[in-house]
Protein chains: 2
Amino acid sequence: MMTISSPKGSNAERSRITNRRAVMGSIHSAGIMGRAEIARNLSLSTQAVSNIIAELLEDGLLFENGTRAGGRGLPAVQYAVNPDGGYAFGIEVRPSAIFGSLLDMHGKPVFTERLALKDARPNAVIEHVIALRDKGLKAVSISDEKLLGAGIVMPGPFGRTGLAGQESDLPEWDSVDPHKLFEDALEIPVMVSNDANAAAMAERITGVAQGLSSYAYLYFGTGLGLGIVSQGHLVPGAFGNAGEIGHVAVPIDGQMRSLESVLSRLSAQRKLQGDDEQALDFQSIADLFAAQDSELMEWLDTASIALGHATQIIENLFDPQTIILGGAMPSGVLDYLVENTTLPELTVSNRSARSEPRLKTGTSDRLTATLGAAALILNQTYTPQFVVAH
Amino acid sequence: MMTISSPKGSNAERSRITNRRAVMGSIHSAGIMGRAEIARNLSLSTQAVSNIIAELLEDGLLFENGTRAGGRGLPAVQYAVNPDGGYAFGIEVRPSAIFGSLLDMHGKPVFTERLALKDARPNAVIEHVIALRDKGLKAVSISDEKLLGAGIVMPGPFGRTGLAGQESDLPEWDSVDPHKLFEDALEIPVMVSNDANAAAMAERITGVAQGLSSYAYLYFGTGLGLGIVSQGHLVPGAFGNAGEIGHVAVPIDGQMRSLESVLSRLSAQRKLQGDDEQALDFQSIADLFAAQDSELMEWLDTASIALGHATQIIENLFDPQTIILGGAMPSGVLDYLVENTTLPELTVSNRSARSEPRLKTGTSDRLTATLGAAALILNQTYTPQFVVAH
DNA sequence: TATTATTACTCAACTCACTTGAATTATCAA
DNA sequence: TTGATAATTCAAGTGAGTTGAGTAATAATA
């Protein structure tokens, strides 16, 4: 659940915060940049940018990176983001395990760890999360002042809904406010979200969504989730549960099936193993794909059809620059889906002048969501805060 | 097409604009409000709010509205929005007609007019729009300084897409930038959008979406459109074409049909008249509904099923507070749909603790989109600007 | 080679808009 | 009647961005 802050007026202090983020964001997305260039980009005076940059240098978030000649005039001193200037902590909570990661300012993971979880109730989880943080900070020798915040990914949906009672639910989390719980325990800024949203943000910080402002992200976890980014901001939904695309019905062989039942790792597992409950992991699917296993290829055919329907829905509802496929599914499989899906014609995205493909493959990794959790925090430091309306 | 501005830094001047809007927004949504209360609401000092209110009184946008005792302490002087403080101009451009309206600050229409259009090419449209504006201002004796801006509703999709070549297209508009065209001609701020988005905003200013921040709006025009509002802001899509839900396919009698082909005025017309091309207008449908015409009721049964599917998709993708039905369809028909649609169970919106119904009826009127066009401008004066990310 | 145009950058003064703290006023409660 | 409470104003203070003049470094031009 995204925390929805009440609308706030602006004052000098808040302006500075906004502008610091805007400057960081400009430099992050450009790689290196000079002060005058940033000032033009943000419609600020060079003096203002100079002052902010001095502060950011002081804080160790930036460093000088040579000068650029090229044109006439005094060559601009260039600045770049210092990867070691700060770190974001990402946590993914699952019923049987917790995944933790630390990302530097470039979004590069410097620490990742999996912790088996016997007890997934709130207190036990908090204890493990604190342990994970301490272990991570120690492992890479980071002082805790450098920790910018923690992003938490938990299984949605948040609150009691028509989708409750599923296997992924965590015990005894119904009545607690995860955001407050984690913030009180960790004493740093916290953002809580679902896996698809987090993964979508990861693509924006380091992946194939860099430079995109409105896109959709299809996340392959156990099921299937959708992260929606509009004008650089996540669309969280009124209760933080937007993107539950897995439960949308599509026609498969003349029958309405939920997307998740044909386009997810779980569905592949069922197809390949029947009701055998042994987990079919990432690697086994990759191996079967490499061997062109006939059952898997059959599953892929059905999955492609489902993806075509999903594409039609997403494109017509959001008109994104692109739809990115990613998550815990081997990249070969994702590439196959992108290449073999027949794109629907009757959508607003079927236009001739496109700079992005309608479907593309993003990061494929079991840890996509965990890294995405940390990316939520990085995104915050690179993006001026969204003004929430009344 | 929403105009996407580049990200801007903040300074004193922009802070004041933001805060003025925030103050106006607070008062607008509360009806009447005192200064200290607004200050708390926006996390500003009372002095700052006092200064802003003095300015707004000076500009005629607010007026004093008594004092409120009730508690202890000095009773607060209350302020209310002056309906005559400014006006918004709304224009809806159709291939064969232009609709114009003027809304006061409360969102009340003070002038509406339909102008038949023989030539729908850009120059002719501009000419008629200017004439409409002048006529409106004259009719209600408003000086042109009071015109806050113009909202324009035009048939989407914008740009060449897979949905182009439809009957609603306007001739020779492919190569022009409507926003620039209208802004140059009218010399006031302009917002261009599609009918569904505009209608969604109208509900936020005066209708059943007051107080809601994340909701979806199903607009019945000739076809069917979807307006998506997330945290008080429209979700426009990368190219301004989000919300083309009419082209999403749903299963009807075991066959995939586009939503628009079963849930739109045009589809009702086809059902009732066969291929007879004579227009079936708003009133005729209302009459047939009053008479419980059997063919219309049959159409409604199918339409309800389609609406159920649409609801499942919208709820799972956005998790809105509610879905509002409105537009050029008699309210009896909309009410019937709301009451007789079987709501899907497998969605995140199927929760017990709801303050809003999952479906509700909004404004039903041929002019919904026209008034909505003007509401886009009002919304801007009541809502601090969205910070667009890099 | 010298000069000029161009651009980045800094310094210092200025301005805008919000904050702070003290003083004032009106109301309710004891 | 007195005291507590809350809204409001006044005046001074502060943070942050802007402005304009001046300096420095480079490319283009004479």
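Reminder, nothing fancy here: chain letters follow the sequence lines and each chain counts from 1. As a basis for the values below, the full set of heavy atoms in this structure was taken, side chains included, without hydrogen atoms, waters or symmetry mates. Keep in mind it's a predicted model, so treat the numbers as computed, not measured.
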*Side chain of A/A36: nearest nucleotide among D/dT5, C/dA8, C/dA26?*
C/dA8
*Value in whole Å for how far the P atom of C/dA26 lies from CD of B/Q78*: 17 Å
*Kindly check if the number of other-residue, nucleotide or ligand heavy atoms within 6.0 Å of CD (B/Q210) is above 12?*
yes
_Pair A/Q47, A/N51: side-chain N/O donor-acceptor within cut-off below 3.5 Å_ = yes
*Under 4.0 Å: is that the gap between some side-chain N or O of B/R40 and OP1 or OP2 of D/dA7?*
yes
*Take the protein atom CZ of A/R35 and the nucleotide atom C1' of C/dC11, then report the distance between them rounded to whole Å.*
13 Å
*C/dT10 phosphate, OP1 or OP2: any side-chain N/O from A/S50 under 4.0 angstrom?*
yes
*Round to a whole Å and report the spacing from CD1 of A/I38 to P of C/dA8.*
12 Å
*What's the CZ-P distance between A/R68 and C/dC9, to the nearest Å?*
9 Å
*Would you mind reading off the distance between B/L42 atom CG and C/dC18 atom P, rounded to a whole angstrom?*
11 Å
*Any side-chain hydrogen bond (donor to acceptor under 3.5 Å, both in side chains) involving residues 75-88 of chain A? Give me the pairs, sequence neighbours left out, ordered by first then second residue.*
A/R35-A/Y79, A/D84-A/Y87, A/D84-A/K146
*Are B/S15 and A/S15 linked by a side-chain donor-acceptor pair shorter than 3.5 Å?*
yes
*To the nearest 0.5 angstrom, please state how far the CE atom of A/M24 sits from the CG atom of A/D59.*
9.5 Å
*For A/L74 and C/dT7, what is the distance between atoms CG and P respectively, to the nearest whole Å?*
12 Å
*Do nucleotides 11-22 of chain D as a string where each nucleotide becomes B, S or -: B if the base has a protein heavy atom under 4.0 Å, S if just the sugar-phosphate does, - if no protein is that close.*
B----SSBB---
*Compare the minimum distances between each of D/dT26, D/dA7, C/dC9 and the side chain of B/A76, then state the nucleotide with the smallest one.*
D/dA7
*Enumerate the residue pairs fulfilling salt bridge (charged side-chain N to carboxylate O under 4.0 Å, His left out) with a member in residues 42-56 of chain A, sequence neighbours excluded, ordered by first and then second residue.*
A/R16-A/E55, A/R20-A/E55
